[in-house]
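Here's the structure we're looking at; comments come further down.
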Amino acid sequence: MKDYYSLLSEIVREFIEARFSNLALEMSTPEILADMKEKELEKEALQILTELLPLTDMAKFAKVKPIGEENEAAMQQAMRFVSLTQERKEESDVS
C-alpha cells in the first residue's frame, strides 16, 4: 500500500512540477497546497489536491491503510486533477 501511494504521489508531484514550473518533488504537501492556491486553478482541482496529497502522506508516512474503495478513488482523483489542469492546445482554424 505504501508503494502504491508513494508512486501516486510522485506522479502527481511530477505533473505539478512540469505543468506549473515549481519544485513540487522537493516541497512538502502544505507547501504545494499553498503554492497551488496562488495559481488560477478551478475550485475542484484545488479541492482534489487538498484531499489527495494528505491521504498519500498518511499512507506513506503514518502507515494508514486506506480501504480498497479509497485506493481506486485516489487514482480517479489524480486522473481528474490532471484532466482539469492540463494545458489545452487551441484548435487551429483550417481554411
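All of these numbers come straight from a predicted model, not from anything done at the bench. In what follows, every heavy atom counts, from backbone to side chain, and hydrogens, waters and symmetry copies are set aside.
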Any idea how Phe15 and Phe81 line up, ring-wise: parallel (<30°), tilted (30 to 60°), or perpendicular (>60°)? perpendicular
Would you name the heavy atoms of [X] and [Y] that are closest together and state the gap between them?
X: Pro54; Y: Leu49; value: CD-O, 3.6 Å
X: Ser9; Y: Lys60; value: OG-NZ, 3.4 Å
X: Gln86; Y: Arg19; value: C-NE, 3.9 Å
X: Ile32; Y: Arg13; value: CD1-NH1, 2.9 Å
X: Glu17; Y: Ala24; value: OE1-N, 3.2 Å

Separation of [Y] [atom2] from [X] [atom1] (nearest 0.5 Å):
X: Glu44; Y: Thr85; atom1: CD; atom2: OG1; value: 10.5 Å
X: Ile67; Y: Glu72; atom1: CD1; atom2: CD; value: 12.5 Å
X: Leu33; Y: Leu52; atom1: CG; atom2: CG; value: 10.0 Å
X: Glu70; Y: Leu55; atom1: CD; atom2: CG; value: 6.0 Å

Are [X] and [Y] linked, directly or through other ILVMFWY residues, by side chains that come within less than 4.5 angstrom of each other?
X: Leu23; Y: Val12; value: no
X: Phe20; Y: Leu25; value: no
X: Ile11; Y: Met58; value: no
X: Leu84; Y: Leu46; value: yes

Side chains of Met36 and Asn22: does their closest heavy-atom pair fall under 4.5 Å? yes
Could you go step by step and tell me if Met1 and Asn71 meet the side-chain contact (heavy atoms from CB on, under 4.5 Å) rule? CA-CA 9 Å; Met1 201 56 54; Asn71 300 333; 3.4 Å; yes
Would one find more than 12 heavy atoms of other residues, nucleotides or ligands at under 6.0 Å from atom NZ of Lys65? no
If we ignore hydrogens and angles and just use 3.5 Å, is the side chain of Thr56 paired with the main-chain N or O of Leu53 as donor and acceptor? yes
Side-chain (Arg80) to main-chain (Ile48) donor-acceptor, under 3.5 angstrom: no
Check whether the side chains of Asp57 and Tyr5 place a donor and an acceptor atom closer than 3.5 Å, and report yes or no. no
